[in-house]
Protein chains: 2
Amino acid sequence: MPALRSDAARSRARILEVARRHDPGTLRFNELAREAGVGVGTVYRHFPTTHALVEALAWETLERLQVLTREAVAEPDPGVAIANLLGTALELQLEEGGLQPVLLSPEDEADDVRAAKREIVTGFEAILDRARAAGVIRPDLTVAQVEHLVCGMEHAVRLGDATDRTPYLEILLAGLRPA
Amino acid sequence: MPALRSDAARSRARILEVARRHDPGTLRFNELAREAGVGVGTVYRHFPTTHALVEALAWETLERLQVLTREAVAEPDPGVAIANLLGTALELQLEEGGLQPVLLSPEDEADDVRAAKREIVTGFEAILDRARAAGVIRPDLTVAQVEHLVCGMEHAVRLGDATDRTPYLEILLAGLRPA
DNA sequence: CGCTCAAACGGATACATCATCCGGAAGTGT
DNA sequence: ACACTTCCGGATGATGTATCCGTTTGAGCG
């Protein structure tokens, strides 16, 4: 990837800044262009699809999740590790609405996004394996299923006031323990 | 509401029949009209908003949920009652994708829909109260929160193959039990 | 500097989709 | 058969999407 020209970098930054003030679900490129003071073409050139823009918006949050996953991998107690990981994942997904689509999208991402996602999934798998081995979670769950459960919880929290998300996380963690 | 004229009833039925073959999330009125062999205006007259159409599509399923809620209310064991109710709710929501929006929408529904929803919620509250009193579920949960959890689980199941939904229900039920 | 050229810009425009409105067709009651 | 109401159809204006290309701008170089 060749270095960005100065005006291009400026446009990109303005678009992202404006986009951040919008609901990630309903991004209208023409409107973003107007608000950012650039042409529509510029928006489409920087972000060919809506997903590309969502990805760029979620990138910082994804990096934070990557770091926190590493920390969870370093945590010796498998129960604590999984509680921390699911807790932070839920927290970050609620903070950045575009994170869920990025995590779930199977392909078509920028290289750095793909790399970060791979590391996160790998770490997640390691933690889940250890937790299974230690008998602190149900043995019949795949990584994908647990990911989906976190997404489901995000959905549940969003349906309410989103202030007290604690019970939801507790319910998830309690539900994951073996019978 | 005056009785429907015969041609109107026919149009309505054709539209509903066609709509049932589509994803409830992306209903395009113009396309439905073409497929149903009626004019667009006819579709908009019968269903002024997308929500109205979704409601009509979900109506039968809503009635089934109403009946099953009654049965759960009649069940003496609170633990069994709540397991049955949440299980059938999850099942029906997965079967009829339009059910979740109808259940969550706060107003603007047809009278019979509103009545059915009221009965369901009331029954749900009764069961939850009994379950709380019997100490089989966490005491800190509102009806709304539990509803949202079921919706979250629906979302989680939909992200996967949707074939084995059993673990999800088990996890939810286990999570709801007091610590 | 001034020049050159590739990179980036803007927005007119073609295309897709939504939702309304009204002249006319069709059902209903007498 | 007639009159009256309800309902139908789809042309149409409004709204939004995505591309394309002539113009502008920045970066490197003599």
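The analysis underlying the following values was restricted to heavy atoms, covering all of them including side chains, and did not include hydrogens, waters or symmetry mates. The structure displayed is predicted, hence computed values, not measured ones. Convention: sequence-line order gives letters A, B, ...; per-chain numbering from 1.
- Protein chain A touches strand DNA chain C; the 5'-most and 3'-most nucleotides with an atom under 4.0 angstrom of its non-hydrogen atoms are dA6(C) to dG11(C).
- Applying the under-4.5 Å side-chain rule to Ile, Leu, Val, Met, Phe, Trp and Tyr, the cluster around Val80(B) consists of that residue alone.
- Remark: Arg64(B) engages Glu95(B) in a salt bridge (charged side-chain N to carboxylate O under 4.0 Å, His left out) (not counting sequence neighbours).
- The ring-ring contact (aromatic ring centres under 6.0 Å, His included) pairs that include a residue from residues 61-97 of chain B number zero, where partners must be two or more places apart or lie in different chains.
- Partners of Phe47(A) under the ring pair (Phe, Tyr, Trp, His ring centres under 6.0 Å) rule, at least two apart in sequence or in another chain, do not exist in this structure.
- Thr88(A) has its side chain within reach of Leu85(A): a pair of non-hydrogen atoms, C-beta onward, lies under 4.5 Å apart.
- Residues of residues 43-52 of chain B having a heavy atom closer than 4.0 Å to DNA chain D, listed by number: Arg45(B), His46(B).
- Glu17(B) is linked by a side chain to side chain contact (heavy atoms under 4.5 Å, CB included) to Arg21(B), counting only residues two or more places apart in sequence or in another chain.
- Summarising the geometry, the separation between CG on Leu53(A) and C1' on dA18(D) is reported as 15 Å, rounded to the nearest angstrom.
- Under the salt bridge (charged side-chain N to carboxylate O under 4.0 Å, His left out) criterion, Arg12(B) pairs with no residue at all, not counting sequence neighbours.
- Residues meeting the ring pair (Phe, Tyr, Trp, His ring centres under 6.0 Å) test with His46(A), sequence neighbours left out: none.
- Cluster partners of Leu104(B), by chain and number: Leu159(A). The rule joins Ile, Leu, Val, Met, Phe, Trp and Tyr whenever side-chain heavy atoms lie under 4.5 Å apart.
- If you measure from atom CG of Asp7(B) to atom C1' of dG9(D), you get 13 Å, rounded to the nearest angstrom.
- In this view, Asp77(A) satisfies the salt bridge (charged side-chain N to carboxylate O under 4.0 Å, His left out) rule with no residue, not counting sequence neighbours.
- Interface residues of residues 15-41 of chain B facing DNA chain C, ordered by number: Arg28(B), Asn30(B), Gly41(B); criterion, heavy-atom separation under 4.0 Å.
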